[in-house]
Amino acid sequence: MSEIDSPLVLVIDDDPMVRLLASESLTTTGFRVIEAENADVGLRLLESERPDLVLLDVVMPGIDGFTACSRLRVTPHGQHVPVLMMTGLDDVTSIQHAYQVGATDFVTKPLNFTLLEFRLRYMLRAKAMGDELRQSEALLASAQRLAHLGHFAYLPDKGFSTWNTQTHSVLGLGTDCWVSTLPDLLRHVDANTHQDIIDSLTVTDGCINEEPVEFAVTGADGETRTILQHVVLERQDGGFRIIGTFQDITERRHAEQKIHRLAFYDRVTGLPNRIMIEKKLGELVHDADQTGDGVAVLSIDLDHFQRVNDNFGHETGNELLGALGRRLAGCVRVSDDRPRQHLRSVQAHDLVARSGGDEFCILLPGIVAAADVELVAQRIREALQQPFTVADQEFFITSSIGMAVYPSDGDTPEILLRHAELALAYAKRKGRDCAEFYNPQLNARAQARLTMETNLRQALGSDQLSLHYQPKLRVDTGELVGMEALVRWEHPTLGRIAPAEFIPIAEESGLILPLGEWILGEACRQVAEWRQRGLGNLCCAVNLSAAQFRERNLPLMIARVLQETHLDASQLQLELTESLLMEDVTAAQSMLRSLRDLGISLAVDDFGTGYSSLNYLKRLPLDVLKIDQSFIRELREDSDDAAIVEAVIAMAHSLRLGVVAEGVELDHQFEFLRAHRCDEVQGYLFSKPLPAQEFLEWVRARNLRRLTVIG
Ligand code: C2E
Ligand code: MG
Ligand code: MG
């Protein structure tokens with residue numbers, strides 16, 4: 001309305017008298033009026049002035065009122081404008097005709113202007129309400145379109161009473177298909193959900209199933225949509241009407257599936273991840289309570305997988321993990337075909353998952369005997385042992401497996417998983433390439449290890465740690481040539497804790513890195529100080545653990561320590577174990593070379609216990625072999641150990657390596673070593689490892705003795 005208080009009325013009548021009277025009386029009652037003497041002019045004014053109301057005469061020369069009304073109804077502005085037709089009194093045919101052509105109402109001539117005003121005001125109010133309704137309908141339609149929502153009304157005995165284009169398009173149905181009954185709808189719906197839809201649209205004992213139904217519809221474009229249907233039952237005129245909505249939730253479901261995939265599946269292998277394992281294990285444990293069967297948890301670790309990543313890159317590593325995952329999945333499917341004699345009763349699904357890094361996890365429900373679990377573990381290890389070809393490379397993988405079974409080894413998913421992992425750690429400690437069951441001692445041990453780890457963390461940087469030094473002597477001259485630095489831990493309440501106890505824990509927890517760095521720094525500082533105090537050019541051997549050796553920046557760290565302590569590199573020797581070197585010979589080779597480049601010497605500790613291949617030894621830049629104490633202990637002429645020691649000395653010499661014997665306690669052992677030209681010795685026969693001050697005193701006392709002897 002142009003001016004809210006004065007609506008604009010268009011009067012179309014060929015009779016100037018009528019126009020004049022209408023105009024006068026309406027203007028005095030607050031209307032504005034424009035006039036047209038025929039339909040043509042009227043239709044033009046309708047578009048240009050956009051009146052709020054039209055008063056239209058029926059009988060006019062040229063275009064009559066009926067034709068004018070139907071023309072007006074198809075113009076943009078004329079569609080909803082109220083049209084009051086002026087007919088003759090009792091002219092029933094005209095009145096009928098007027099409604100047919102779209103008139104809003106009629107008045108009879110001659111006009112009663114007092115009543116006319118009320119009539120017009122009423123029509124304007126009705127128009128305003130109509131406008132509001134239309135607007136709200138348009139809003140609803142837009143909102144429904146945005147929400148991918150359509151609605152319907154359904155009469156149980158008749159079919160769909162409301163079903164609009166939006167409803168139709170939400171389901172993706174073509175314009176050529178017609179939905180008016182339940183079977184019409186079901187024709188497009190996935191058969192699995194027919195019954196749910198029927199239940200939601202069938203009144204039984206005055207009720208329907210109002211549970212939301214999710215179903216799949218195949219639309220005209222061939223695409224499958226996921227539709228969510230909600231319904232409510234309404235009573236109406238003694239009967240029932242069901243009002244419902246369809247919502248297209250395809251995108252939402254896709255997004256949910258994607259989130260689900262990201263949250264519960266591993267991207268590298270496509271297998272379920274750790275979170276999923278816990279969830280599934282919870283379900284399996286619950287089911288097992290009903291059936292009385294057991295559930296086995298297998299924690300699988302690929303031995304030395306890190307090497308694949310280090311040597312071939314992560315991409316190859318990931319590809320190999322994918323292949324491993326597929327083979328594992330194949331394993332448990334196969335395991336379901338195993339003979340049944342005493343095997344698993346129910347055939348619930350096994351689950352293969354990647355629990356992280358190079359670890360996999362398998363859940364086996366329906367276990368009746370522990371032997372079955374072992375059988376599967378055996379099968380898995382055998383399957384993994386078959387070579388893998390990835391990126392034109394052949395890979396040989398061995399695996400370690402820890403096993404825990406519900407209910408005997410734990411009653412919650414978390415405990416079962418932890419116990420399977422403890423068993424795995426145990427299998428790895430036993431030397432890998434094996435499968436081990438959980439046992440309660442492992443738990444006690446794990447507790448103790450954890451306490452030890454906490455204590456050790458506190459000990460670092462306190463005065464609980466110190467170094468002892470054990471002298472090393474030349475066999476032929478008896479001259480002191482150096483010492484081995486050995487770490488000591490004196491706990492304030494637990495007393496002395498042996499390195500054999502805490503070094504492995506330091507290695508597992510990563511504490512060995514700060515600890516090892518401290519040991520190295522302290523040894524270098526001490527030896528540099530002794531040199532200043534005139535102790536000579538002694539070479540100090542420091543033990544290096546595997547974790548330190550794998551650190552790429554080890555040479556850098558050592559160079560820094562040497563520089564800071566002003567120690568000459570020739571006064572430092574590193575002791576490495578055989579197994580550490582054999583783990584990855586290629587990597588060891590380049591690391592040893594960088595260490596050697598610093599000017600330090602390298603020794604293989606505990607030699608003879610690690611099955612090292614001579615071929616490999618030859619390829620490594622080493623200086624010294626340290627024969628393991630176990631061979632020295634049983635050293636008698638003609639014993640096996642004597643033969644071994646003799647052979648090791650000869651071999652070392654042929655490779656131009658020096659030989660040190662450690663753990664020399666008795667004279668006859670020393671005599672044997674001297675007879676077979678061992679280069680250096682170390683052991684209780686000469687001295688135990690000593691605190692720094694005592695070592696200094698030991699050296700001084702010895703020098704004094706020797707001077708006295710010589711003097
Ligand atoms: P290892 O490097 O082979 O050290 C020699 C071990 O033999 C030392 O034990 C030493 O005290 C002991 N020993 C020396 N002479 C004799 C003897 O005549 N008879 C007997 N029965 N034993 C003798 P310790 O100090 O208990 O160290 C044990 C192992 O712990 C070492 O074996 C080494 O592998 C490790 N370890 C010790 N200190 C360190 C360290 O500072 N860093 C690292 N990474 N490992 C260390
Ligand atoms: Mg050693
Ligand atoms: Mg040793």
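Each residue takes its place number in the sequence, starting with 1. In listed order, ligands and their atoms are each counted from 1.
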Exercise. Give a yes/no verdict on whether any heavy atom in Gly663 is under 4.0 Å from an atom of ligand 1.
Key: yes
Closest to atom 41 (O) of ligand 1 by heavy-atom distance, out of Ile519, Asp606, Leu544, Leu515, is Ile519
Counting heavy atoms under 4.0 Å, the part of His468 that contacts ligand 1 is neither
So the atoms of ligand 1 within less than 4.0 Å of a heavy atom of Gly683 turn out to be 15 (N), 18 (O)
Would you list the atom pairs, donor with acceptor, under 3.5 Å between side chains in residues 514-523 and any protein atom, with sequence neighbours excluded?
residue: Glu517; atom: OE2; partner: Arg560; partner atom: NH2; Å: 2.6
residue: Glu522; atom: OE1; partner: Arg525; partner atom: NE; Å: 3.3
residue: Glu522; atom: OE2; partner: Arg525; partner atom: NH2; Å: 2.9

Q | side-chain contact (heavy atoms from CB on, under 4.5 Å) between Glu662 and Asp606, worked out | A | CA-CA 9 Å; Glu662 63 180 341; Asp606 307 337; 3.1 Å; yes
Counting from 1 in the order shown, the ligand 1 atoms closer than 4.0 Å to a non-hydrogen atom of Glu662 are 3 (O), 5 (C)
With sequence neighbours left out, the residues meeting ring pair (Phe, Tyr, Trp, His ring centres under 6.0 Å) with Tyr426 are none
Note: Lys688, heavy atoms under 4.0 Å from ligand 1, region reported as neither
Glu484 OE2 to Asp605 OD2 via the Mg ion (ligand 2), rounded to 10°, gives 180°
field: Pairing of Arg633 and Asp641 as salt bridge, 4.0 angstrom limit
entry: no
Can Glu278 and Arg274 be counted as an ion pair, charged N to O under 4.0 angstrom? yes
- Item | Salt-bridge present (Arg496, Glu490; N to O < 4.0 Å) | yes
Do the ring planes of Phe695 and Trp698 sit parallel (below 30°), tilted (30 to 60°) or perpendicular (above 60°)? parallel
ask   = the Mg ion (ligand 2) to Asp606: any N/O/S contact under 2.8 Å?
value = no
- Any chance CD of Glu697 has more than 12 other-residue heavy atoms, nucleotides or ligands included, within less than 6.0 Å? yes
With nothing but distance in play, are any N or O atoms of Val487 less than 3.5 Å from an N or O of ligand 1? yes
Taking only non-hydrogen atoms of Arg488 and a 4.0 Å limit, the atoms of ligand 1 in range are 11 (O), 25 (O)
Within 4.0 Å of some non-hydrogen atom of Pro689, the atoms of ligand 1 are 11 (O)
Restricting to heavy atoms, the pick from Asp605, Asn543, Leu576, Thr577 nearest atom 45 (N) of ligand 1 would be Asn543
Inset, instruction - Check if Gly516 has a non-hydrogen atom at a distance under 4.0 Å from any atom of ligand 1. - result: no
The Mg ion (ligand 2) -> Glu575, closest N, O or S atom is OE1
Review point. Do the side chains of Glu575 and Glu484 get nearer than 4.5 Å, heavy atoms only?
Key: yes
With heavy atoms and a 4.0 Å threshold, my read on which part of Leu486 contacts ligand 1 is both
Regarding Glu414 and Arg418, does a basic nitrogen lie under 4.0 Å from an acidic carboxylate oxygen? no
Notebook entry, point to check: For Glu484 and ligand 1, does the shortest N/O to N/O distance drop below 3.5 Å?
Noted result: yes
